[in-house]
4 protein chains.
Amino acid sequence: MMARGINKVILIGNLGQDPEVKYMPSGNAVTNLTLATSDTWKDKQTGQPQERTEWHRVVFFNRLAEIAGEYLRKGSKVYIEGALRTRKWQDQSGQDRYTTEIVASEMQMLDSRGGEGGGGNQGGYAGNQDPMGYGQQPQQQASRPAPQQSRPQNQPAPQQQPAQPAPGFDDFDDDIPF
Amino acid sequence: MMARGINKVILIGNLGQDPEVKYMPSGNAVTNLTLATSDTWKDKQTGQPQERTEWHRVVFFNRLAEIAGEYLRKGSKVYIEGALRTRKWQDQSGQDRYTTEIVASEMQMLDSRGGEGGGGNQGGYAGNQDPMGYGQQPQQQASRPAPQQSRPQNQPAPQQQPAQPAPGFDDFDDDIPF
Amino acid sequence: MMARGINKVILIGNLGQDPEVKYMPSGNAVTNLTLATSDTWKDKQTGQPQERTEWHRVVFFNRLAEIAGEYLRKGSKVYIEGALRTRKWQDQSGQDRYTTEIVASEMQMLDSRGGEGGGGNQGGYAGNQDPMGYGQQPQQQASRPAPQQSRPQNQPAPQQQPAQPAPGFDDFDDDIPF
Amino acid sequence: MMARGINKVILIGNLGQDPEVKYMPSGNAVTNLTLATSDTWKDKQTGQPQERTEWHRVVFFNRLAEIAGEYLRKGSKVYIEGALRTRKWQDQSGQDRYTTEIVASEMQMLDSRGGEGGGGNQGGYAGNQDPMGYGQQPQQQASRPAPQQSRPQNQPAPQQQPAQPAPGFDDFDDDIPF
DNA sequence: TTTT
DNA sequence: TTTT
């Protein structure tokens, strides 16, 4: 993918609910979640502390969707990097409506509360190259065993998800954003 | 302002229209604009190039609103840093609707096409301290003249803007996001 | 502060040691710490997992320096936003040398392991305005008490720090970066 | 590549010189350049405007190195995203020294001053998938022709670059950072 | 020197 | 509605 311009979002927050994993007819995973960030400030007049929680709608695709679905839970603190995308959809009365989401391209768990042994950072692509140029340096003879597979084994069969429209595109929004 | 979590957006794009500057009853400026970023990719099946433009709704407050209103124009390329905020509002039928915007905290013009002599980077706050600690070093005797005031002089009087509701909160969305 | 260009660093990592807090003759705090981030990849030839840890030198000034010194400890996981700055200094043989640091402007603790009750996000400036424009909305009558002061009370008197040169500028580097 | 932690740099600045392109024995390109960002502020005492230019050393690998070498020139304004990496090397007296660089993973030209017709944004990897999930939507029938190849054709033969050590690792620093 |  |  190429781009004209930069469209980048960086979030650290906590999940409001367990993530929802769905599968495309193709078998590709799509995971949706909501993430809370909050701002606090003092009211200018009263000096009273104020707080506002912002809820972000985040969507993951493919491998990252599976990882998010497996390792994230309600309350999890997570770093997410992605891009803004506003989708157009029709409500039940046929009116055009818009929902803005963050399409995640990178994710990193920030708490290891679960006992999954999982977590870690999961980039959006499986680069087994050496983008930092470290391989140019004298080889460090790594002798430790290959890491445990952190990618979910149980890739659900698409047919378990009956021929529903692609989640996040057709049926996702019943009425309001979340 | 303090925060729990990180809510950060970084955009580089072009303005779809001239910015709209409004003034609060307090006299504070609020500027709204839409910014285009685009992605291009090749269709997996056909190999045909695809393009999708993302339109971002950006809002500026106070000093930054005035600067944006003065120096940005339709087509301007700009760097914007800010935070996501989703506002709830009611459409004409009384239904709840939501609009997601980027509340800009920093802006930097990336083309100097206009003859304004303006541009430059405009942080969201007027820090006249020395956040980088440069002042600790031996003073460089700056002998060049004080920079031209880049802040618009003509702060419009609030009364010129009749008692309208706060823009971007009440009257901003007539119907659809943009 | 204004800028031509963007100079932004975003780090999430763990402290290698407790932070070092020093005080300027003016009484302003300066805190230095090192932060680890790491990359892992597989060797192209052997398929062996490789790991490389990057050590970042971070410096905080003023209020943020005090907060960092109070709440961060060896091993703490932290989000840091800042800017790159390369300082020139002379080693004992009089040779010019350079050290690149991140001057932190924002910090957020990501683990609450300590019992300090502290943490939270600490922006680099004490904005008690309303940069997100929330104050425009109907006032939420916050009735909870004012938050505990998270800023250290015990501002050390400068004279407790004998007339030493500014840390991080003169005496900081004895020989090598860290 | 996976990561524990986040190590991200975002720069917008101007090149101090034309980029230097070298080739690894493998034929892979490595491009080095220096990028200027600047801060301006007012001296607290004198009120005099101060300015400090920060010079960033940026390194590109592989495809991005070729693009940078072809399209960027002294004075070019560019957006760069990457990661910090501090390299250790020995000066002529055998002393350990360190240089911090930004390893670029994404680049976007911000001026189209050259007549190359090139530029555009060049991500660090050639994703021809559909990371934003747009392909799920009804196909927009793109009828415009395939874009001009923006990747340099003239991949220089490695043998033109005699068996020199990897640039940026051995021979890059003659003495001081830049 | 951290972390998993 | 922008831009290349």
Side-chain angles (χ1 to χ4, degrees), chain A residues 2-7 71 86 108-122 144 147-148 150, chain B residues 11-20 32-40 49 51-58 72-78 80 110-111 113 176-178, chain C residues 11-20 32-40 49 51-58 72-80 110-111 113 176-178, chain D residues 2-7 71 86 108-122 144-145 147-148 150:
Chain A
M2 226 177 295
R4 282 232 151 248
I6 297 294
N7 175 359
Y71 294 114
T86 297
Q108 184 158 154
M109 291 190 59
L110 295 175
D111 47 13
S112 24
R113 58 170 74 190
E116 337 86 351
N121 165 304
Q122 303 300 343
R144 59 187 174 87
Q148 291 310 110
S150 69
Chain B
L11 300 174
I12 296 177
N14 299 282
L15 273 70
Q17 298 294 340
D18 285 356
E20 291 180 24
N32 287 273
L33 57 82
T34 54
L35 197 72
T37 59
S38 67
D39 294 296
T40 62
E51 176 165 9
R52 184 181 198 266
T53 294
E54 194 66 45
W55 286 100
H56 308 275
R57 185 171 194 153
V58 184
L72 299 179
R73 287 295 169 263
K74 175 177 178 174
S76 295
K77 185 185 287 293
V78 68
I80 285 170
L110 296 174
D111 47 13
R113 58 169 72 192
I176 53 169
F178 29 86
Chain C
L11 300 174
I12 297 178
N14 298 281
L15 273 70
Q17 299 293 342
D18 285 356
E20 292 181 24
N32 287 275
L33 57 83
T34 54
L35 197 72
T37 59
S38 67
D39 294 297
T40 63
E51 178 166 7
R52 183 179 197 268
T53 295
E54 194 67 46
W55 286 99
H56 307 275
R57 184 170 194 152
V58 184
L72 299 180
R73 288 293 170 265
K74 174 176 178 175
S76 296
K77 185 184 287 295
V78 68
Y79 168 94
I80 285 170
L110 295 175
D111 46 13
R113 58 170 72 192
I176 53 170
F178 27 86
Chain D
M2 226 177 297
R4 283 235 149 247
I6 297 295
N7 174 0
Y71 294 113
T86 297
Q108 185 157 153
M109 289 190 61
L110 295 175
D111 47 13
S112 25
R113 58 171 73 192
E116 337 87 350
N121 166 303
Q122 304 301 346
R144 58 187 176 88
Q148 291 308 110
S150 69

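Here is how names work: the chains are called A, B, and so on, in the same order as the sequence lines, proteins then strands, and each is numbered from 1. Just so it is clear, the values below take in all heavy atoms, side chains as well, and ignore hydrogens, waters and symmetry mates. On a predicted model such as this, the values are computed, not experimentally measured, just so you know.
- At a threshold of 4.0 angstrom between heavy atoms, the contacts of Thr53(B) include nucleobase atoms, whether or not backbone atoms are also involved.
- Here CG of Leu33(B) is found 6.5 Å from CG of Leu72(B). Values are rounded to the nearest 0.5 Å.
- Note: CG (Leu35(C)) to P (dT2(E)) measures 13 Å, nearest angstrom.
- For Asn7(A) and dT2(F), the CG to C1' distance is 14 Å, given to the nearest whole Å.
- Regarding Leu72(B), its CG atom lies at a distance of 20 Å from the P atom of dT1(F), rounded to whole Å.
- Set against dT2(E), dT1(F), dT1(E), the side chain of Trp55(B) has dT1(F) as its closest nucleotide.
- Per the geometry, CZ belonging to Arg4(A) stands 20 Å off P belonging to dT1(F), to the nearest Å.
- Note: CD1 (Ile12(C)) to P (dT4(E)) measures 15 Å, nearest angstrom.
- Atom-to-atom, CG of Leu110(B) to C1' of dT2(F) comes out at 14 Å; the value is rounded to the nearest Å.
- For Ser38(B), the side-chain contact (heavy atoms from CB on, under 4.5 Å) partners at least two apart in sequence or on another chain are Arg4(A), Glu51(B), Thr53(B).
- Asn7(D) places no side-chain N or O within donor-acceptor distance of the main-chain N or O of Thr37(C), the cut-off being under 3.5 Å.
- Atom pair Asn14(B):CG and dT3(F):C1' shows a separation of 4 Å (rounding to whole Å applied).
- Using a 4.5 Å heavy-atom threshold, the side chains of Val58(C) and Thr34(C) count as separate.
- One can place CZ of Arg73(C) at 14 Å from P of dT3(E), the figure rounded to the nearest angstrom.
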